[in-house]
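Working notes for the structure below.
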Amino acid sequence: MIKAVRGTRDLYGETLFYKRWIEDTARRVLEAAGALEIETPILEEAPVFERGVGATSDIVQKEMYAFTDRGGRRLVLRPEGTAGVMRAFLEHGMKVWPAPVKLYYRGPMFRAERPQKGRYRQFYQVGYEAVGLSEPAVDAEAIALLIDLLRALGLKDWTIKLGTVGDPEDRARYNAYLREVLEPYKEALSEDSRARLVRNPLRILDSKDPKDREVLEKAGVRPLWDFLSDEARVHFRAVEDLLKALGIAFEEDPTLVRGLDYYARTAFEVHHHRLGAQAALGGGGRYDGLTALLGGPSLPGVGWAVGTDRLILALEAEGIPAPGAPALDLYLLPLDEAAVAEALALAEQLRPRFRVELAYQPKRPGKGIKEAEKRGARLVGFLGEGERARGTISVKRLDTGEQTELPREALFGWLEALK
RNA sequence: GUGAGCGUAGCUCAGGUGGUUAGAGCACCGGUCUGUGGAACCGGGGGUCAUGGGUUCAAGUCCCAUCGCUCACCCCA
């Protein structure tokens with residue numbers, strides 16, 4: 001039998017109710033802050049991510065679904081949202097819109113990793129971007145909106161981690177420093193970290209490998225924050241102060257390093273406490289200058305993305321149910337052959353105001369009531385010989401068992417009153 | 001990409017050390033029950049035992065490979 005490809009899933013039922021609810025909630029929360037939805041293609045040219053996300057990032061190095069199309073273009077199934085949104089931002093001249101331009105998106109992303117709980121090859125994100133202003137208040141608002149979303153969903157068991165990765169020049173100085181102090185310990189590092197030493201020493205700080213931890217300990221590595229420029233430091237403190245003023249609790253994390261190369265200054269992640277290995281619900285930060293990497297003018301920006309799949313896991317872990325489909329209002333039951341057409345016509349008349357289903361062949365009442373119950377209907381409407389002669393319908397409430405016969409023209413109003 | 005565990009009906013699972021026609025519960029269909037209820041009882045349809053190869057008189061059961069799932073590493077959403 002043909003099955004869904006590894007790491008991809010069919011979403012339906014409860015899972016899709018969750019996803020729909022999360023996306024609807026995000027829309028409400030983000031549009032209230034003046035954000036405009038944007039849908040960009042799933043397919044992008046490879047350079048959007050190679051230049052945007054960064055050629056040394058894990059995502060570009062080993063996780064991208066890339067192929068060459070018939071025209072010889074190198075295309076990629078997007079591994080994340082921001083780079084594509086910024087490509088669109090430039091392409092449509094949004095830099096002349098009143099700043100900051102707030103955009104949000106949702107949709108599937110693709111990464112070729114080994115699947116596990118909370119990690120899929122096709123996964124879904126909701127993201128938010130605010131482009132054009134470098135004010136700390138824009139960072140603080142972005143974080144506040146992320147929290148608004150979590151709260152609107154009723155989630156409680158999470159923590160915000162906040163840090164700063166400095167400006168590119170700060171990181172360059174720090175990387176140079178790291179290479180210098182770690183070089184003598186090169187042999188003691190893990191294989192991965194020896195490669196990182198060349199490409200991006202910063203990432204070594206993230207390593208959980210005991211060997212690396214030991215080296216970092218012995219080398220007495222100074223934190224990145226010692227290398228921050230005054231501007232970056234002031235910016236970070238301002239963001240923290242604004243969050244405090246909003247009453248937002250966060251955990252300061254000097255080691256926070258985001259996986260995408262484009263981040264600058266503010267960085268944050270939200271972790272859920274009951275999710276196992278893949279605990280990050282989402283994350284983001286400031287990415288000033290990303291637009292320049294994509295060939296446009298250099299513009300400031302800040303944004304985040306949350307994993308819809310992980311939000312679903314978190315909601316389940318906290319026992320928060322998804323609002324399901326609306327209950328079936330009425331199940332129409334033809335009692336003889338002639339009533340089938342009447343039931344169909346009546347169903348059409350009542351929709352879409354009411355959710356109506358019907359039996360497509362005559363059934364005995366007892367049988368039909370069971371059918372209605374299985375479908376979760378609140379009411380059963382009987383259409384038989386007697387009702388036809390009188391131009392009526394007999395409607396029975398399944399909860400109380402109470403039954404009334406009323407003229408067919410009166411049914412709509414009767415249902416309306418009940419609703 | 002690395003490691004470990006696991007693949008039996010639509011779902012959840014039984015099937016000691018290999019031994020007739022592979023089972024249960026739930027779900028589904030029908031009946032008891034031809035104008036009125038959820039229950040109960042009776043019956044029914046459903047399986048290439050993940051796939052391929054091997055060992056054996058004999059494989060759901062043992063061995064190998066492949067595929068898939070799960071969890072972890074890694075990384076992150």
Side-chain angles (χ1 to χ4, degrees), chain A residues 1-9 13 19 22 53 57-63 78-82 106-127 146 161 190-193 195-196 200 203 206-210 212 256-260 263 267 269-272 275-284 304-314 331 333-337 339 362-377 379-388 393-403 405:
Chain A
M1 183 147 51
I2 299 176
K3 295 199 276 195
V5 322
R6 186 172 169 74
T8 72
R9 299 161 302 150
K19 177 166 177 284
I22 290 164
V53 174
S57 66
D58 277 5
I59 290 180
V60 171
Q61 289 269 312
K62 52 188 190 192
E63 293 170 13
R78 64 181 183 196
E80 62 101 44
T82 303
R106 70 199 158 94
M109 308 294 163
F110 301 83
R111 291 183 203 172
E113 293 184 279
R114 185 99 157 227
Q116 71 183 80
K117 190 179 183 68
R119 187 170 76 183
Y120 311 100
R121 290 185 169 182
Q122 174 173 340
F123 60 100
Y124 297 83
Q125 287 189 332
V126 172
L146 171 54
K161 288 188 179 186
S190 69
E191 197 181 326
D192 281 349
S193 286
R196 290 177 181 133
N200 196 353
R203 303 215 57 98
D206 247 6
S207 173
K208 286 159 212 146
D209 192 305
D212 296 339
L256 198 63
V257 179
R258 307 242 58 233
L260 287 60
Y263 284 108
E269 287 182 1
V270 206
H271 291 260
H272 197 265
L275 283 200
Q278 308 303 326
L281 292 178
W304 48 256
V306 288
T308 307
D309 314 275
R310 290 191 185 170
L311 287 175
I312 293 172
L313 292 173
Y331 186 72
L333 193 62
L335 296 174
D336 57 27
E337 200 59 56
K363 282 191 199 307
R364 295 198 297 272
K367 185 86 185 152
I369 288 171
K370 284 180 200 167
E371 296 289 336
E373 279 165 348
K374 271 189 249 181
R375 288 168 171 74
L379 300 164
V380 183
F382 299 100
L383 293 165
E385 212 176 333
E387 285 83 2
R388 179 159 47 252
I393 178 170
S394 299
V395 187
K396 183 185 186 73
R397 288 184 57 154
L398 285 176
D399 51 354
T400 63
E402 178 190 358
Q403 183 168 328
E405 187 169 355

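FYI, side chains are in, hydrogens and waters are out, and symmetry mates aren't considered; it's all heavy atoms of this structure. All values derive from a computational prediction rather than experimental measurement. Letters go in sequence order (proteins before strands), and every chain restarts at 1.
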### Query
Should A/E373 and A/L398 count as side-chain neighbours, where that means a heavy-atom distance under 4.5 Å?
yes
### Message
Between A/L311 and A/K19, is there a side-chain heavy-atom distance shorter than 4.5 Å?
### Response
no
### Task
Please report, rounded to the nearest Å, how far the P atom of B/rC75 is from the OH atom of A/Y120.
20 Å
### Query
Taking the same atom, P, in B/rU12 and in B/rG7, what whole-Å distance lies between them?
13 Å
#### Entry: Validation row: A/I369, A/F382 side chains within 4.5 angstrom (heavy atoms)
yes
### Task
Look at A/Q116 and B/rC71 and indicate whether a side-chain polar atom (N or O) is within less than 4.0 Å of OP1 or OP2.
no
### Base B/rC75 to side chain A/R119, donor-acceptor N/O within 3.5 Å cut-off
yes
### Task
Quickly work out the A/R111 CZ to B/rC76 C1' distance and round it to whole Å.
6 Å
### Query
Using 4.0 Å as the upper bound for N to carboxylate O, is an ion pair formed by A/D309 and A/R119?
no
### Query
Could you state the NZ-P distance from A/K3 to B/rC67, rounded to the nearest angstrom?
13 Å
### Message
Please give the distance between the C1' atoms of B/rC11 and B/rU56 as a whole number of Å.
### Response
36 Å
### Distance, C1' atom - from B/rC71 to B/rC63, rounded to whole angstrom
26 Å
### Query
Taking protein heavy atoms under 4.0 Å as touching, what does nucleotides 29-43 of chain B look like 5' to 3' if B marks base contact, S marks sugar-phosphate-only contact and - marks none?
SS-SSSBBBB-----
### Task
Kindly say whether A/Q125 contributes a backbone atom to a donor-acceptor pair with the side chain of A/R106 at under 3.5 angstrom?
no
### Query
Which residue lies toward the 5' end of RNA chain B, A/G276 or A/V306, if each is placed at its nearest nucleotide?
A/G276
### Message
Using atom P in both nucleotides, what's the gap between B/rC33 and B/rC49 to the nearest angstrom?
### Response
41 Å
### Query
In whole angstrom, what separates A/I22's CD1 from B/rA77's P?
17 Å
### Query
Just how far, in rounded Å, is P of B/rG5 from CZ of A/R114?
13 Å
### Query
Should the pair A/R9 and A/Y120 be classed as cation-pi, given the thresholds of under 6.0 Å to the six-membered ring centre and 45° from the axis?
yes
### Message
Tell me the interatomic distance from A/H271, atom NE2, to B/rC75, atom C1', rounded to whole angstroms.
### Response
12 Å
### Message
Applying the 5.5 Å / 30° rule, does A/Y124 stack onto the base of B/rA77?
### Response
no
### Message
Between A/G283 and A/L275, which residue's closest nucleotide on RNA chain B lies nearer the 5′ terminus?
### Response
A/L275
#### Entry: Separation of atom CG in A/L311 from atom C1' in B/rC76, rounded to whole Å
14 Å
### Task
Mark yes or no for whether A/R78, through its side chain, and A/P108, through its backbone, hold a donor-acceptor pair below 3.5 Å.
yes
#### Entry: C1' atoms of B/rA39 and B/rU32, separation to the nearest Å
14 Å
### Over 12 non-hydrogen atoms of neighbours within 6.0 angstrom of CD in A/Q403
yes
## Note on the structure
Stems in RNA chain B, runs of 3 or more consecutive Watson-Crick or G-U wobble pairs with both distances under 3.5 Å, sorted by first number, are B:1-7 with B:67-73, B:10-13 with B:23-26, B:28-32 with B:40-44, B:50-54 with B:62-66
### Task
Please state the P separation for the pair B/rG47 and B/rA22 - nearest whole angstrom.
12 Å
#### Entry: Heavy-atom check, side chain of A/V126 versus side chain of A/T308, under 4.5 Å
yes
### Message
Any side-chain to backbone donor/acceptor pair from A/K396 onto A/G401? Under 3.5 Å, distance only.
### Response
yes
### Query
Short question: side chain of A/R111, backbone of A/P79 - any donor-acceptor pair under 3.5 Å?
yes
### Main-chain N/O of A/Y331 paired with A/R375 side-chain donor or acceptor, under 3.5 Å
no
#### Entry: Atom-pair distance (NZ on A/K117; C1' on B/rU70), nearest Å
10 Å
### Query
Where along nucleotides 46-52 of chain B does protein come under 4.0 Å, by heavy atom, of base (B) or sugar-phosphate alone (S), with - for untouched nucleotides?
-------
### Task
Answer with base, sugar-phosphate or nothing: what part of the nucleic acid does A/G7 contact at a heavy-atom distance below 4.0 Å?
sugar-phosphate
### Query
Is any side-chain heavy atom of A/E371 closer than 4.5 Å to a side-chain heavy atom of A/K363?
yes
### Task
Spell out yes or no: do the side chain of A/E113 and the base of B/rA77 have one donor N/O and one acceptor N/O closer than 3.5 Å?
yes
### Query
Roughly how far apart, to the nearest Å, are B/rC67 and B/rG19 at atom C1'?
30 Å
### Message
With rounding to the closest Å, how many angstrom separate the C1' atoms on B/rU51 and B/rA4?
### Response
22 Å
#### Entry: Quiz item: A/R9 side-chain donor-acceptor pair to B/rC69 base, under 3.5 Å
no
